[in-house]
Amino acid sequence: VKPSRYNIVVPAGPGRVGLYNGVTGGVLVLDEDRWQAAQGGGVTATGQVSPETVANLIVGGMLVPGHVDELEHLRRRFDDARSSSRSLGVTVAASLGCNFACPYCFEEKHPRNLTRATSDALVAYVEGRAQAGLEQLHVTWFGGEPLMALAELLNLSRRLIRLAEERGFSYSADIVTNGYLLSKSVCEDLVAARVSAAQIGIDGPPEVHNLLRPLKSGRETFDRVMSNIVTAVDYLNVSVRVNVSRRNQDSFSRVCDLLETRGLGGRLTVYPGRVTHVTTNPAAPSAFFSVDDVLSASEFAGFERKAEEAARAVHQVSGPSGLPSPVDTPCTAVRDHDLVVGPDGTVWRCWNSVGDYAASTGSLFAETTQRQERSGAYWREFTPFDDAQCRSCIALPVCMGGCAHEGLNSSERSDQCSTFRINNRERVAAFVGHHTRSDGHSSEP
Amino acid sequence: MSDESDEWVIRPHEAHPVIALAINDESDVSPEVAAAVKQLMSALNVEPARNDGCVNKCWALNCEGQGGCGVYK
């Protein structure tokens with residue numbers, strides 16, 4: 001056996017190391033001498049490394065047989081997930097209208113809701129996938145603001161759930177919403193529509209949030225959104241996304257404190273999202289958002305570390321650890337059968353393109369044009385395995401090439417990459433340190 | 001030395017359904033380690049990797065999906 005190329009090894013107290021493996025996402029803490037010995041002949045100063053320890057390291061992916069080419073296995077995992085007919089992800093922009101006017105939004109708004117014809121076409125598409133062996137359907141309700149089209153959302157949900165029951169595939173859904181319309185009754189409707197999770201934006205304390213996430217009329221939104229979050233956690237798995245730019249980077253920890261004050265500690269997750277300067281659509285608000293306000297990838301990577309600590313302090317980290325989980329593909333945009341659909345049946349590959357008709361890759365109702373075909377080819381052919389930097393990057397298993405949209409449109413390579421490329425060691429060390437402290441073990445000296 | 005001080009902070013299958021099961025045959029590891037792997041997989045409640053299930057559950061796929069991992073044959 002040999003050590004995985006995707007191990008990140010950090011100190012975990014006197015004589016101990018923490019091992020994180022990107023391929024499995026496992027984290028194991030063990031005695032340093034036994035880790036050293038397990039990579040060699042298996043002999044420590046006091047005897048042999050036990051078969052159980054070696055088994056832990058194998059199952060955790062930290063040790064792999066010498067003949068294994070991990071990069072090739074990741075490639076096969078990527079290819080299989082990309083072309084899989086077993087699972088399908090559909091993002092439905094139920095409305096391209098929005099009641100908010102966020103200055104950094106990357107979407108050009110079109111005040112139209114999901115049409116009956118688009119719902120019909122989507123149901124037909126999913127039915128076709130069911131005939132091809134579909135096992136899992138996941139729908140993300142997106143916008144604009146999807147709750148502007150609640151009736152249409154609920155109607156299509158009912159049809160897809162019925163189809164899932166008839167055809168025997170599983171159905172799940174989540175929603176990306178600004179939270180303003182997320183009342184108790186809407187939460188009940190969403191639960192009935194099998195929506196289990198909601199991502200809601202809070203960009204700071206009231207004086208900051210209300211500037212960055214106002215209603216179109218300019219009126220404030222903080223109090224109502226926060227009140228709705230307090231209600232929503234009884235119905236949905238809520239994650240609060242704090243969109244971070246230079247304007248509000250000091251606000252993240254205050255958001256954590258405010259959530260704690262509202263009794264939400266440990267009842268939701270909170271994480272920072274990097275505001276980027278998406279300028280591919282000149283009609284989108286983000287085209288006018290000052291590039292000087294955007295944190296660079298390395299600045300954000302540093303910020304992210306502090307944000308994780310702030311979130312961890314009130315038990316609001318994402319996932320089992322706050323560390324990134326392994327992925328098979330970077331996002332829905334590169335998976336062959338996944339769709340991002342607008343209200344009128346326009347198809348995009350990427351969430352960042354929604355609302356930009358010049359970037360569409362097709363339609364549920366019309367033949368694909370030559371321009372759309374060319375646009376779609378980029379996503380179909382995107383692969384991290386043709387990229388020398390990706391092939392040599394330790395973050396590859398959790399990133400799989402990162403943001404394909406940025407890869408296409410940004411001149412800054414770092415905009416494409418996961419911040420884990422930059423801050424992986426610090427994040428694993430912080431996580432292991434936090435764990436060993438909370439477990440009563442000593443932390444790093 | 002005992003392995004009692006080994007401490008899983010995140011078990012592999014908590015983060016991703018893929019596991020690192022890459023044992024082709026007993027030339028990769030000793031029979032004792034292979035048995036320990038099998039026991040651990042059972043404790044983790046991970047289903048045997050074979051046939052098309054391997055694609056989701058095993059990143060190694062050395063057996064091309066024929067269940068030849070040596071642990072679950």
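What you see is a predicted model, and the numbers here were worked out from it, not measured in a lab. Throughout, a chain's letter reflects where its sequence line sits, starting with A, and its residues are numbered from 1.
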Peer 1: Mind ranking A/A81, A/S84, A/P51 by heavy-atom pairs under 4.5 Å with chain B and telling me who comes out on top?
Peer 2: A/P51
Peer 1: So how far is it from A/D31 CG to B/E7 CD, rounded to the nearest 0.5 Å?
Peer 2: 10.5 Å
Peer 1: When B/V33 is tested against each of A/I58, A/V1, A/V49, A/T53 for side-chain contact (heavy atoms from CB on, under 4.5 Å), which residue passes?
Peer 2: A/I58
Peer 1: Under the rule for ring-ring contact (aromatic ring centres under 6.0 Å, His included), what residues qualify as partners of A/F78, not counting sequence neighbours?
Peer 2: A/F385
Peer 1: Mind checking the CG-CD1 spacing from A/N21 to B/I10? Nearest 0.5 Å is all I need.
Peer 2: 11.5 Å
Peer 1: Ignoring hydrogens, what is the shortest heavy-atom contact between A/V27 and B/W8? Give both atom names and the distance.
Peer 2: O-CE3, 3.4 Å
Peer 1: Should A/F431 and B/V9 be marked as a side-chain contact (heavy atoms from CB on, under 4.5 Å) after you check the CA-CA gap, both sets of side-chain angles, and the distance that decides it?
Peer 2: CA-CA 9 Å; A/F431 171 70; B/V9 185; 3.3 Å; yes
Peer 1: What are the two closest heavy atoms between A/R16 and B/S5, and how far apart are they?
Peer 2: NH2-O, 2.8 Å
